[in-house]
Amino acid sequence: KQEVTQIPAALSVPEGENLVLNCSFTDSAIYNLQWFRQDPGKGLTSLLLIQSSQREQTSGRLNASLDKSSGRSTLYIAASQPGDSATYLCAVRLDAGGTSYGKLTFGQGTILTVHP
Amino acid sequence: ETGVTQSPTHLIKTRGQQVTLRCSSQSGHNTVSWYQQALGQGPQFIFQYYREEENGRGNFPPRFSGLQFPNYSSELNVNALELDDSALYLCASSSTGWTDTQYFGPGTRLTVL
């Protein structure tokens, strides 16, 4: 059974800091890994998607890396801003050979607070 | 291109009642997945519908059921509501069964008293 863990559970940083969020998963036979942002009480916004054959993806100040063999991904946020405050979730989709259909398995999230 | 929409936004029910939540998928998408997100937790997969057929189910009891219509919109029905069913229910659509990125709606907040 795929399990996804995110560390830390919460993080508070001053504006301008670079930071790293961690995600680990137990089954390395993944199809892809996705990072989402969730504002309080709202739906999920996709930030980055990394296919299993890729090592990293970048979008603006965000960079996500994937080490499939060790079951780890990191989300790097450069020059953090108060508007980055949200919960960040990672989710994995198992490889096509599994019976996962389109199922995403999520971590519990990291609550990020960036204070001015 | 319209995004994924869900209705209602909020809902309050009492234990034992039944509830129906609705989701309109993004234009051109034929696959809808439903997730339950309890407070402080990550979303949990309930089930997925592809071309009006259920093609995947998570660890949820049969009182959680769904439908997908010819226009690919979808309903989630929950019977015999329990207090633990209080959660944010998220719907996600994609253009194929499992290969494509899923796009999430804003969710329906269900409170069971």
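Residue numbers start from 1 in every chain, and the chains themselves are labelled A, B, ... in the order their sequence lines are given, proteins ahead of strands.
Contact of A/Q38 with chain B is made through the side chain alone, with heavy-atom distances under 4.5 Å. Contact annotation for B/Y35: only side-chain heavy atoms (C-beta onward) come within less than 4.5 Å of a heavy atom of chain A. In this structure, chain A has no heavy atom under 4.5 Å from any part of B/Q44.
Heavy atoms only, all atoms of each residue included: A/L104 and B/F45 are closest at O-CB, 4.3 Å.
The residue among B/G107, B/G42, B/P43 with the most heavy atom pairs within less than 4.5 Å of chain A is B/P43. Of the listed residues (A/L89, A/T87, A/V4, A/L44), the greatest number of heavy-atom pairs within a distance under 4.5 Å of chain B belongs to A/L44.
B/Y49 and B/Y72 sit in two unconnected hydrophobic clusters of ILVMFWY residues. Membership requires side-chain heavy atoms under 4.5 Å apart, directly or through other members. Hydrophobic cluster membership is shared by A/L66 and A/W35, with clusters built from Ile, Leu, Val, Met, Phe, Trp and Tyr side chains linked at under 4.5 angstrom. Under a hydrophobic-cluster definition in which Ile, Leu, Val, Met, Phe, Trp and Tyr are linked whenever side-chain heavy atoms come within less than 4.5 Å, directly or via other members, A/I77 and A/L33 are assigned to the same cluster. By the criterion of side-chain heavy atoms lying less than 4.5 angstrom apart, applied directly or through intervening Ile, Leu, Val, Met, Phe, Trp or Tyr residues, B/L88 is not grouped with B/L21; the two fall into different hydrophobic clusters.
The 12-atom threshold is exceeded at CZ of A/R37, counting heavy atoms of other residues, nucleotides or ligands nearer than 6.0 Å. Within 6.0 Å of NZ on A/K42 lie no more than 12 heavy atoms contributed by other residues, nucleotides or ligands.
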Any chance you could lay out the side-chain contact (heavy atoms from CB on, under 4.5 Å) test for B/Q102 and A/Q34, step after step, and finish with the verdict?
CA-CA 10 Å; B/Q102 294 183 21; A/Q34 202 164 357; 5.6 Å; no

